[in-house]
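So the structure is just underneath, and the comments pick up after that.
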Amino acid sequence: MLPLTPTKLGRYEIVDEIGKGAMGVVFLARDPLIGRLVALKTFRIGYSIKDQEMEQFRIRFMREAQSAGILTHPHIVTIHDVVEQSEEGLAFIAMEYVRGTNLKLLLQGDRPMTLAVALDIVSQVGDALDYAHANRVIHRDVKPANILIDEDDRAYLADFGIAKALEGNDNLTQAGVGIGTPEYMAPEQAQGRADPRSDLYALGVMVYQMLTGQVPFSGNTTVEVLMKHLQEPVPLSPLRGAVAQQFGPILQRALAKDPNLRYQSGREMMADVNQAMTRSGFASIVVTNPTVISAVPPPSSNPSVTAPAAQTPPPATYTPPPGGYTPPPGGYTP
């Protein structure tokens, strides 16, 4: 712990500093009333008031608490408390502490990840998005860095700082100006418009990245990346073998330029993914949330696949296909 780390914020007892950004620090803390560990995401109020950019960040900070605070789902980070101004001169959000990593670091690391596990994670995120959309919240920044992964490979959608209520006005987005992360930004979002299908486009980018080890559109500048999202077809050449045959059409639909031609829900998209997994002979996706569509195990005649073993309580376990999936180089070849 750093010498200047406070010992308490409000009633919360600081345990350690676990993250730092330009606008604040994230602390691991203990809630003495309940005894649980929480993550405290802080924002220092004092130096932000006179700066327009800082003020927008403060608005986004509070929006995260408001947007995620109304959502209760096993794959969305739970907001426990929000303090707009503490005695220490900080605003902070007390949220669920997820012990683990995030999907970005997981994909960049040396830990092998089977295709089944990778798409299981995406399935959990898809279910979380369906729930958020049903509650009229658009995330607008779905990407691996905002997907927390615990030690049991359970996924948690985090960082609702630029989320938008479907019926609300967005004073952080000017007409014709996109907000989000360029590599995962839907064409309409790049033009300053977004709806739930924009989040599903970003989910499709994540599936593409897991299958190929790269995002579909990249470039040297933000403008170059956004123009590719707007104009260029989905590059399917990095897909190979059965992956190309089974998942190519899914990615083309998920990343369609016209939102009306895309999947209209995460559940609809993951149903096709499950079918592709079964047809290609890979292990089926097994998810922990019973509201997600369950995959039918592949035929037992396939010697490379073992059906999931029944467990109580979930999650179920399964034996992945030989070889597994490791991010770049080269993508996955069965």
Side-chain angles (χ1 to χ4, degrees), residues 75 103 107 112-130 142 144 147 153 155 184 197 199-216 233-257 259 261-308 315-328 330-334:
H75 298 298
L103 185 57
L107 292 174
M113 180 187 297
T114 67
L115 180 60
V117 168
L119 294 178
D120 183 12
I121 290 171
V122 174
S123 182
Q124 295 174 51
V125 176
D127 190 56
L129 287 173
D130 279 353
V142 177
I147 310 300
D153 288 331
Y184 301 87
R197 297 168 298 183
D199 283 348
L200 298 177
Y201 182 97
L203 186 65
V205 174
M206 283 176 46
V207 174
Y208 185 101
Q209 185 174 5
M210 287 178 162
L211 292 173
T212 67
Q214 62 192 55
V215 294
V234 183
L236 298 180
S237 56
L239 299 172
R240 296 181 294 172
V243 174
Q245 182 179 0
Q246 299 297 338
F247 290 93
I250 293 174
L251 291 172
Q252 285 182 313
R253 183 177 177 188
L255 301 178
K257 309 299 183 188
L261 301 179
R262 285 181 213 147
Y263 291 101
Q264 303 299 294
S265 71
R267 182 170 306 192
E268 181 185 14
M269 179 177 170
M270 294 317 299
D272 278 2
V273 168
N274 273 289
Q275 292 177 9
M277 293 278 284
T278 301
R279 287 194 303 265
S280 60
F282 299 129
S284 297
I285 296 173
V286 178
V287 295
T288 57
N289 187 334
T291 64
V292 181
I293 295 175
S294 298
V296 178
S300 58
S301 59
N302 186 340
S304 66
V305 177
T306 301
T317 59
Y318 52 87
T319 301
Y325 169 78
T326 303
Y332 182 87
T333 301

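Just so we're clear, the structure is a prediction, and the values are computed from it rather than from any experiment.
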Original post:
What are the two closest heavy atoms between Q124 and D153, and how far apart are they?
Top reply: NE2-O, 3.5 Å
**OP:** Quick one: pull up CG in L211 and CG in L115 and give me the separation to the nearest 0.5 Å.
**Re:** 6.0 Å
Original post:
So, the side chain of Q264 versus the backbone of R262: is there a donor-acceptor pair under 3.5 Å, distance only?
Top reply: yes
Original post:
Looking at CD of Q275 and CD of Q246, how far apart are the two atoms once the value is rounded to the nearest 0.5 Å?
Top reply: 10.0 Å
Subject >> Closest non-hydrogen atom pair between P235 and P216, with its separation >> reply: CG-O, 3.4 Å
Subject >> Residue pair I250 / A276: nearest heavy atoms and the distance that separates them >> reply: CD1-CB, 3.8 Å
Original post:
Got a second to check how far M206's CE is from L200's CG, nearest 0.5 Å?
Top reply: 11.5 Å
Subject >> Atom pair OG/CE of S123 and M269 - distance to nearest 0.5 Å >> reply: 10.0 Å
**OP:** Go through L251 and L239 one step at a time and tell me if the side-chain contact (heavy atoms from CB on, under 4.5 Å) criterion holds.
**Re:** CA-CA 10 Å; L251 291 172; L239 299 172; 3.7 Å; yes
**OP:** For residues Y201 and L255, report the shortest heavy-atom separation together with the two atoms involved.
**Re:** O-CD2, 3.4 Å
Original post:
How far apart are the C-alpha atoms of Q214 and Y208, what are their side-chain angles, what is the distance that settles it, and do they pass the side-chain contact (heavy atoms from CB on, under 4.5 Å) test?
Top reply: CA-CA 7 Å; Q214 62 192 55; Y208 185 101; 4.2 Å; yes
Subject >> From L203, D120, D199, D130, residue fulfilling side chain to side chain contact (heavy atoms under 4.5 Å, CB included) relative to V125 >> reply: L203
Original post:
Rounded to the nearest 0.5 Å, how far apart are CG of L261 and CD of Q252?
Top reply: 11.5 Å
**OP:** Please report the shortest heavy-atom distance between P249 and A244, naming the atom on each side.
**Re:** CD-O, 4.1 Å
Subject >> H75 NE2 to I121 CD1 distance, which is reported to the nearest 0.5 Å >> reply: 10.5 Å
Subject >> Heavy-atom pair with the smallest gap, counting every atom of Y184 and V215 >> reply: OH-CG1, 3.7 Å
